[in-house]
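Computed from a predicted model, the values in this text were never measured in an experiment. Quick note on labels: first sequence line is chain A, next is B, and so on, each numbered from 1. All heavy atoms count here, side chains included; hydrogens, waters and symmetry mates do not.
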2 protein chains.
Amino acid sequence: MKVAIAGATGEIGRSIVDGLMNSSADFEITALVRPSSIDKPEVKKIKSQGVSTVSIDLLGPREELVKALSDQDVVICAVGFYLTQEQYLLAEAAKDAGVKRFVPNTFGPSCPPAGVMLIREMKEEIINHIKKMYLPYTVIDVGLWYQITLPRLPSGKIDNALAFPSSQVSGDGHSPSSLTDLRDVGKYVARIIADDRTLNKYVFAHNEEWTQEQVYSQLEKVSGEKVPRNVVSQKEVEAAIAAGQAAYESDKSMQGLTGLVYPQYLNCEWVRGDNLPGRAKYLGYLDTKELYPDFEHVRFEDYVHEVVQGRAVPVYADRSMPTVPAADKSA
Amino acid sequence: MKVAIAGATGEIGRSIVDGLMNSSADFEITALVRPSSIDKPEVKKIKSQGVSTVSIDLLGPREELVKALSDQDVVICAVGFYLTQEQYLLAEAAKDAGVKRFVPNTFGPSCPPAGVMLIREMKEEIINHIKKMYLPYTVIDVGLWYQITLPRLPSGKIDNALAFPSSQVSGDGHSPSSLTDLRDVGKYVARIIADDRTLNKYVFAHNEEWTQEQVYSQLEKVSGEKVPRNVVSQKEVEAAIAAGQAAYESDKSMQGLTGLVYPQYLNCEWVRGDNLPGRAKYLGYLDTKELYPDFEHVRFEDYVHEVVQGRAVPVYADRSMPTVPAADKSA
């Protein structure tokens, strides 16, 4: 199966490359790389893993992009959510190229299509465009990554593993949310894109359900340190969303967006309880626990041990992307 | 099973009342009727069929509406699509009342959620609001009604049956579309709302696939008259949509909307080919042919005979509602 990936060197992209490469199925991977990035070390690294690369500008001539996708079975879009034009053009080219399955960039929490998170609404607009074209697709959401779930320890001992530590306990701290190890995302994707049952469906890939109180307690147990709770009530989360919305209304840039994105994530994941298997099922998702009962995921407890023992790899370590967790610092 | 219906005296509402009343299952029906309409003959008529009525204003006090819905299993919204505020309030009250299933007003063609028909987008906004609340729901679409599919005969012989005759052959006339007899809609609804498999799903209820050329030929065969084709090309349909969009931009009223709605329906149903079982399946719908293989629908050929023999009942006979087919006359 031939798979093309845009955004192969990002956090999700790297997990997908690893997941496909280490799969028992036979995937032939092509990374679509911006001409300006083709010589970057991270591109060389995936080449050394056996990934083919094609230098192409998603905003460039349509026919070149269609040609690059013309013999691909699956196209996976893992570019930043804020690159909306690129995502529309990639989907349109995939349609023209007759691609058999397109995976848009979602890879986030289960969330209703409108009224909860602006990022979700932006993603849904692209999904709607895909549907208007009848481009075969699979939407894959993965809950909250383990890697952005833990708070700092007072000693600073795990700071190196937490490029973006969780800084708040939202609501009452007792609302569960589905967590997934970022390293499992690619393994789920390898199963999902080779599965006829998931064509033109939404799939919720998730490892374990934890409350923030349980997450903090687990970290305390493993580290032996007391972790202070920076509790932010539901009302405060909602006030932060209202303030973020007002700010975004007056500055509709990425900068203006970041102050809205973070409290909306907290609201979805820890207050409203959207990011849970039952909620995902209501929203029309298939469930990886039912699709792949044999799937062995990384246990959250093991991840916490890794972090405390200094073996965990941080995400967004370069902090160069205007991604969601960046808003964490301003919250 | 207790079922409340808003809009029970409209075209869809009456079909649903008949369908539930004539079902082998035991439905207890309550019509939610505007205080100003409670003494109208059409309300008296459904009362005589055994329907209970409650006089209530959907825009009135929330607690009264919640109380009216509090012992209902299913709430069906069949009010005009343009009554958006009423639909939001009815859904919210159904959530507060703990209703087990809400059926929003769709009952139209299979159509992608955005970019094809403004009416669909308006309906999707209400569906999205339902999803944000996790109100249990079933979306039921039914294709194009037999009753608004036929053109006039030159003799005028069937005018009395066609309150809104089809006036155009769109595109090349050879694109099929799913047709359903309006009288079957209620029979499908009776099956669907008593079926656990359809909870929190979209269902496409459809009788038969016909092209416009086949529809015209069938009418010619049964009537013995030659029916002229008023052919409107795909380009002309698209130009009418563009003009309708411009007009709607400058007049966002129901009046401004009507000129856009009609060509968008033609585009969806006869040009783009959205309104077909395969397309509906792609869009996530369950299919009544698979759910209810024993369902006996009214055959389109039989309907044409009824019309030609003067036995058919016209829809929208009072023409008082600002509904979609009204735009037919201005097209």
Look at B:Lys131, B:Lys201, B:Glu125, B:His129 and state which one has the largest set of heavy-atom pairs under 4.5 Å with chain A.
-> B:Lys131
Please state whether the side chain, the backbone, both or neither of B:Arg272 comes within less than 4.5 Å of a heavy atom of chain A.
-> side chain
Measure the OH-CG distance between B:Tyr282 and A:Leu199 for me, rounded to the nearest 0.5 Å.
-> 9.0 Å
Taken to the nearest 0.5 Å, the spacing of B:Asp274 CG from A:Lys132 NZ works out to 9.5 Å
